[in-house]
Trainee: 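Below are the structure tokens for one structure; questions will follow.
Residue numbering restarts at 1 for every chain, and letters A, B, ... go by the order of the sequence lines.
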Amino acid sequence: GDSVTQMEGPVTLSEEAFLTINCTYTATGYPSLFWYVQYPGEGLQLLLKATKADDKGSNKGFEATYRKETTSFHLEKGSVQVSDSAVYFCALSEDSNTGKLIFGQGTTLQVKP
Amino acid sequence: DAGVTQSPTHLIKTRGQQVTLRCSPKSGHDTVSWYQQALGQGPQFIFQYYEEEERQRGNFPDRFSGHQFPNYSSELNVNALLLGDSALYLCASRDESSYEQYFGPGTRLTVT
């Protein structure tokens, strides 16, 4: 079945460092791909998405490119801030009718001043 | 415009008891999905309700059941609670024009 694998955390960076969080997926068709962020004590917020191969999703300085050839959707940011500290989830959806999401296990990012 | 709301925020139950969690979708959304997020894990899809019917179900036992009301709000019921049911339960409503899902803050259920 469909699945999402993320790099294990926690990831600890200094402020202004470059961020990469790896995400690979397994799917039978052509899924839409998402990154969600979960701040402490809050629900999930959609960070960015891409719906077809070679699409680049971007938001708040974060970017991810849908790579069908490598089945990947790595999250990047050029300069992280302390306020980016959160748990990041990669997810896919193959069912456009229901939008059912399949999530990775999450990667905790801690940014130190 | 209120987002997705859930109640209660926290709940402590004893093994074998039953629990009901509630969700109100974002205004204008008629589809509600429920997810279970165990500690340190990603959310897992429980089921989705649309037009008061269960439209799709994930790999969860029949102890997990739900309901959707005419105003699109929804309940998640869990019977015969097990220790392993301890988790954050997230509700999401879906914008049928953008297909984006909006998540509530969750209900933290602890089973002792």
Trainee: Quick one: what part of Q6(B) sits under 4.5 Å from any heavy atom of chain A, side chain, backbone, both or neither?
Mentor: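 Looking at Q6(B), nothing touches chain A.
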
Trainee: Quick check on the structure: residues of residues 40-63 of chain B within a heavy-atom distance below 4.5 Å of chain A, by number.
Mentor: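 Residues G40(B), Q41(B), G42(B), P43(B), F45(B), Q48(B), R55(B), Q56(B) are the ones that qualify, each having a heavy atom under 4.5 Å from chain A.
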
Trainee: Side chain from CB out, backbone as N, CA, C, O: work out which of these in Y36(A) comes under 4.5 Å of a heavy atom of chain B, or both, or neither.
Mentor: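 The side chain, not the backbone.
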
Trainee: What residue in T108(A), L46(A), T98(A) has the most heavy-atom pairs under 4.5 Å with chain B?
Mentor: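 When all of T108(A), L46(A), T98(A) are compared, T98(A) has the most.
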
Trainee: Between Q6(A) and chain B, with a heavy-atom cut-off of 4.5 Å, which part of the residue counts as in contact: side chain, backbone, both or neither?
Mentor: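 It is neither, since no heavy atom gets under 4.5 Å.
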
Trainee: Side chain, backbone, both or neither: which part of Y35(B) has a non-hydrogen atom closer than 4.5 Å to chain A?
Mentor: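 Only the side chain of Y35(B) comes within 4.5 Å of chain A.
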
Trainee: Look at Q38(A), K100(A), Q45(A), E42(A) and state which one has the largest set of heavy-atom pairs under 4.5 Å with chain B.
Mentor: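 That would be K100(A).
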
Trainee: Would you find more than 12 non-hydrogen atoms of other residues, nucleotides or ligands less than 6.0 Å from Y72(B) atom OH?
Mentor: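 Atom OH in Y72(B) is not crowded, with 12 or fewer foreign heavy atoms closer than 6.0 Å.
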
Trainee: Within a reach of under 6.0 Å around CD1 of I12(B), are more than 12 heavy atoms found that belong to other residues, nucleotides or ligands?
Mentor: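 Not buried by this count: 12 neighbours or fewer within 6.0 Å.
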
Trainee: If you count heavy atoms of other groups shown closer than 6.0 angstrom to OH of Y30(A), is the number above 12?
Mentor: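 Not more than 12 within 6.0 Å, no.
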
Trainee: Answer with yes or no whether the hydrophobic clustering places M7(A) together with F73(A); edges join I, L, V, M, F, W, Y residues whose side-chain heavy atoms lie under 4.5 Å apart.
Mentor: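 Same cluster: M7(A) reaches F73(A) through Ile, Leu, Val, Met, Phe, Trp or Tyr contacts under 4.5 Å.
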
Trainee: Should we say atom CG of L39(B) is surrounded by more than 12 heavy atoms from elsewhere, each under 6.0 Å from it?
Mentor: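 No, CG of L39(B) has 12 or fewer neighbouring heavy atoms, counting only those of other groups under 6.0 Å.
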
Trainee: For L101(A), is it the side chain, the backbone, both, or neither that has a heavy atom closer than 4.5 Å to a heavy atom of chain B?
Mentor: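 Both backbone and side chain.
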
Trainee: Answer yes or no: are there more than 12 heavy-atom neighbours, outside E15(A) itself, under 6.0 Å from its atom CD?
Mentor: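 Yes.
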
Trainee: Is it possible for you to say whether L47(A) and L90(B) belong to one hydrophobic cluster, with membership spreading through side-chain heavy-atom contacts below 4.5 Å?
Mentor: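 Result: no, two separate clusters.
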
